[in-house]
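Just so it is clear, the values below take in all heavy atoms, side chains as well, and ignore hydrogens, waters and symmetry mates. Letters A, B, ... are given to chains in the order of the sequence lines, protein chains preceding strands, and every chain is numbered from 1. Worth saying up front: this structure is predicted, and the values here are computed from it rather than measured.
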Amino acid sequence: MASIPAQFADSCLSEHLVSARLLNRPRPHEGPLLRSGIESLDSHFASIKPGDLIEWGIPPGLNGRLIPVQFLKHAIPTSIWIYHHHGLGVFASSWISHGIDLQRLFFIRSAKPVRELRPLFLEDTFKRIIIDSPKNFSSGDLAFVSQQARKHRQIVFLIRHYFLSQKQGNPYASLRINTWQSGNDEFSLHVIKGHTTGKIRIPLREVYADDG
Amino acid sequence: MANSVIQLDQLSAGDGFPAYVAIHSEQLSTNPFALSPTVMQWSGQILICRVNHCRQFWLARQQRCACTLEQLFERVLCHHYGNGYIAVFANHPWQCLVYLAYQLRQKSQGICFLQSRLNRNIFKSLGWDCWFAPQQVLAIHLETTGAKRFNTDSFRARQSQLRRFINRIGLAGPFALQQADHHAITRRFEGWLGRVWRWTFDNSTELHGFPWLALDQPVRPAVKRDLEYPVNQWPYIEVLLREDFERLCEQFNRDDSEHINRMLWQITLFNYQVIDVELSFRHPYSLHREIPDFKTALYQAWYVYAELIGKLQARDKDLDLPDAMPFVGWRVEVCERIHLPPILWDLFANEDGDINHQNLFDLQNKLSIPIESYRSQANFYPEQSFQKTPIGGVAESGYDEYQWSASSSQRPLFYYQAADEIEVPAARQRFFLERCSSQWWLHDDPQSQIKDYFVLRDSRGRASWVYRNYDGRWYRQGEYS
């Protein structure tokens, strides 16, 4: 009978978790999976690995979506942005002006993504899935999406139309972050959950640096 | 650069994908369904295909090949008919046939699009002989189909009457009499010549009484199932449907080149009511490639089932049924399919890098909602600076799209397709962005096309994209979300 590997001998749950994470540690020679080109932002995303879910808090009208968009600028795999905004459509030329390659980024309109787009999550056609302000998204949906992302080694962005807080946590998200444009010259980010938490400020010119 | 020179026959007179094509060939094709599943055998050597049924598919192929529609169809038609064919694309089968008659007289070969300005102008100058020529076969079709109020002798008499009339007043061709609408022709020369007149000038894709006799597919695969017990639960239905799809595949002789556009699912309910529902696929779908799971077909069946059960529950809520009216049997029939030999797929198989378009098409067929894809357009006017394209259809632009889209960097990512009027905002709330004007030279009042765009911030710091039109009225067109 095979013996239990040494790292699993201890019955302590937290050590199990640590040892399991060590087994799945990203290989050092691989570059970061998500890269925006903004150094202060990239440092928070350096540890993101395939299968991770990142939750964003972006209320409407505050221009915060420009921050997740930064991660779709550089040689992205085939990706999909699932959106649901009342009466709003995609203003494609604005996306292109921000450096997004629309041959690789597709869009689909759905208020209930898990119910309406189940095949999309069951297959690995898209390696980046952005779920933007879903109307109905239960914790069961969250568990399903997160499990499928791990299975297919996808990265999922879940954008909420409200600011996130630590009072209501999300065990499936490896990173939780609020973003908004503050004033006319900078973006503010508040990392709620991640390997480092706290506030970051990014000058507007860095976000618009390569645009156009 | 040769590519930058626009050919005379490519100058577009009308936009849009043609609806029909008439193909003349001495060589009989073994596959009349090469361009579309909807085909009519007009005569021994002429086929008419309704190509706009597969519009999205052909547009996606065209853009992926980065070629013109003419080049794309040329490849397909050469493969099936050799080099000696004539194909005329237009919005109505009659227009295809009239122009085909002219091309046959000219002994031309190849493809013509009546949308192109050159062909349109030639079409307008055609004489009566080209217009009367296809009417011989038309009369045969109308007679064999038993068309309402059609009598061959009366039709011929009216044709002679019209011939005498045009000889008397010396008209060169139908377009010389264009101002006479089809009602006027109907009053003077009876209904069927009036209809032919309408088909000649009408730009819509409606048949308007054209005798369309769809060519039956050699075999229309179908399977029938009578259930042992009534069922209405999807898990049971799914298992049985999977078996039925397997049986359907056997009827195709396991031919991998058969692609399905549409299937008919004829469901018999517990009260013996028969309900017809359709399983349709946005991209031609190969049943064989999904043996034994048939995931795509089953997803489409599931969407149809969920909708139907909802409707049945709403209809039968007063009846004493456990859940919804169960099914006691069904019939599945493949009603539209297209034959795409593997060689044609290989022609288009220039997959770029890591984007697997076939995966995208397969996924699209499994979804009930369309996947959207966009490309930029060389236009400064905001709403016209981009367009939706079929998935997999975005090819490299012939211009630097980043330069064109640079003007959009201050515009929002999402916009309202219908702008709402708002109250005049206070000056301190708004920040001027740009002034845009559409193609003002096309409008009677050029100044009405001017719009001044602003960023509008409310008291809570939320930003909207608004514009002021020439009348001074304000509209909200987007949100900086």
Side-chain angles (χ1 to χ4, degrees), chain A residues 58-66 69 75-78 80-83 85-110 113 115-120 122-127 132-133 159 161 180-184 208 210-212, chain B residues 295-296 299 352-356 359-360 362-363 365-377 379 382-383 385-389 391 394-396 401-418 420 431 457-458 460-465 477-481:
Chain A
I58 310 177
L62 301 184
N63 212 15
R65 274 166 185 74
L66 279 189
V69 161
I76 53 160
T78 320
I80 192 153
W81 191 292
I82 303 165
Y83 68 99
H85 305 301
H86 293 287
L88 284 166
V90 176
F91 195 85
S93 52
S94 177
W95 292 75
I96 297 168
S97 76
H98 288 291
I100 308 299
D101 179 358
L102 291 190
Q103 292 192 48
R104 288 162 188 277
L105 179 66
F106 298 86
F107 296 87
I108 194 162
R109 187 194 291 257
S110 171
R115 196 175 147 195
E116 293 173 340
L117 309 174
R118 208 170 177 80
L120 191 149
L122 293 173
E123 296 185 10
D124 66 345
T125 308
F126 299 107
K127 286 293 180 194
D132 188 352
S133 312
I159 299 176
H161 64 281
W180 68 99
Q181 184 180 339
S182 43
N184 286 330
Y208 284 93
D210 301 327
D211 295 354
Chain B
K295 275 188 187 169
T296 306
Y299 270 120
D352 50 347
D354 52 345
I355 306 175
N356 187 333
N359 275 359
L360 277 171
D362 292 346
L363 178 63
N365 272 343
K366 289 175 192 162
L367 294 168
S368 58
I369 302 170
I371 296 174
E372 297 164 15
S373 177
Y374 296 88
R375 66 181 302 171
S376 73
Q377 288 206 117
N379 195 314
E383 293 92 335
S385 59
F386 61 91
Q387 66 172 149
K388 244 183 202 177
T389 59
I391 57 164
V394 182
E396 283 296 321
E401 58 177 23
Y402 289 100
Q403 271 190 359
W404 275 99
S405 62
S407 56
S408 294
S409 64
Q410 296 295 327
R411 296 169 186 166
L413 299 173
F414 294 95
Y415 79 116
Y416 291 109
Q417 282 140 327
D420 277 340
F431 169 73
R457 277 191 199 284
D458 68 9
R460 294 165 66 187
R462 290 180 302 196
S464 305
W465 187 46
Q477 195 163 14
E479 300 285 352
Y480 288 88
S481 52

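For a residue to count as touching a neighbouring chain, one of its non-hydrogen atoms must lie under 4.5 Å from one of that chain's; by this rule E116(A) touches chain B with backbone and side chain alike. For Q410(B), the part lying under 4.5 angstrom from a heavy atom of chain A is the side chain only. Looking at Y299(B), the atoms closer than 4.5 Å to chain A (heavy atoms on both sides) all sit in the side chain, from C-beta outward. Neither the backbone nor the side chain of S464(B) comes within less than 4.5 Å of any heavy atom in chain A.
The shortest distance between side-chain heavy atoms of F386(B) and W95(A) does not fall below 4.5 Å. Contact of the V90(A) side chain with the F414(B) side chain is registered, since non-hydrogen atoms from C-beta on lie closer than 4.5 Å. With a 4.5 Å cut-off on side-chain heavy atoms, H98(A) and L413(B) count as touching. Looking at heavy atoms from C-beta onward, L367(B) lies in side-chain contact with I108(A) at the 4.5 angstrom threshold.
S94(A) places a side-chain N or O within 3.5 Å of a backbone atom of P412(B) that can act as its donor or acceptor partner.
Separating the OH atom in Y480(B) from the CG atom in L66(A) is a distance of 10.0 Å, to the nearest 0.5 Å. Of the inter-residue distances, the one linking E372(B) atom CD with L105(A) atom CG reads 11.0 Å to the nearest 0.5 angstrom. Going from atom CD1 of I96(A) over to atom OG of S385(B) covers 8.0 Å, rounded to the nearest 0.5 Å. Atoms CZ and CG, on F126(A) and L363(B) in that order, are 5.5 Å from each other to the nearest 0.5 Å. Taken from OH in Y208(A) to OG in S409(B), the straight-line distance is 7.0 Å, to the nearest 0.5 Å.
Between chain A and the residues E479(B), Q417(B), Q477(B), the largest count of heavy-atom pairs under 4.5 Å involves Q417(B). The candidate with the highest count of non-hydrogen atom pairs below 4.5 Å against chain A, out of Q387(B), K388(B), R462(B), K295(B), is R462(B).
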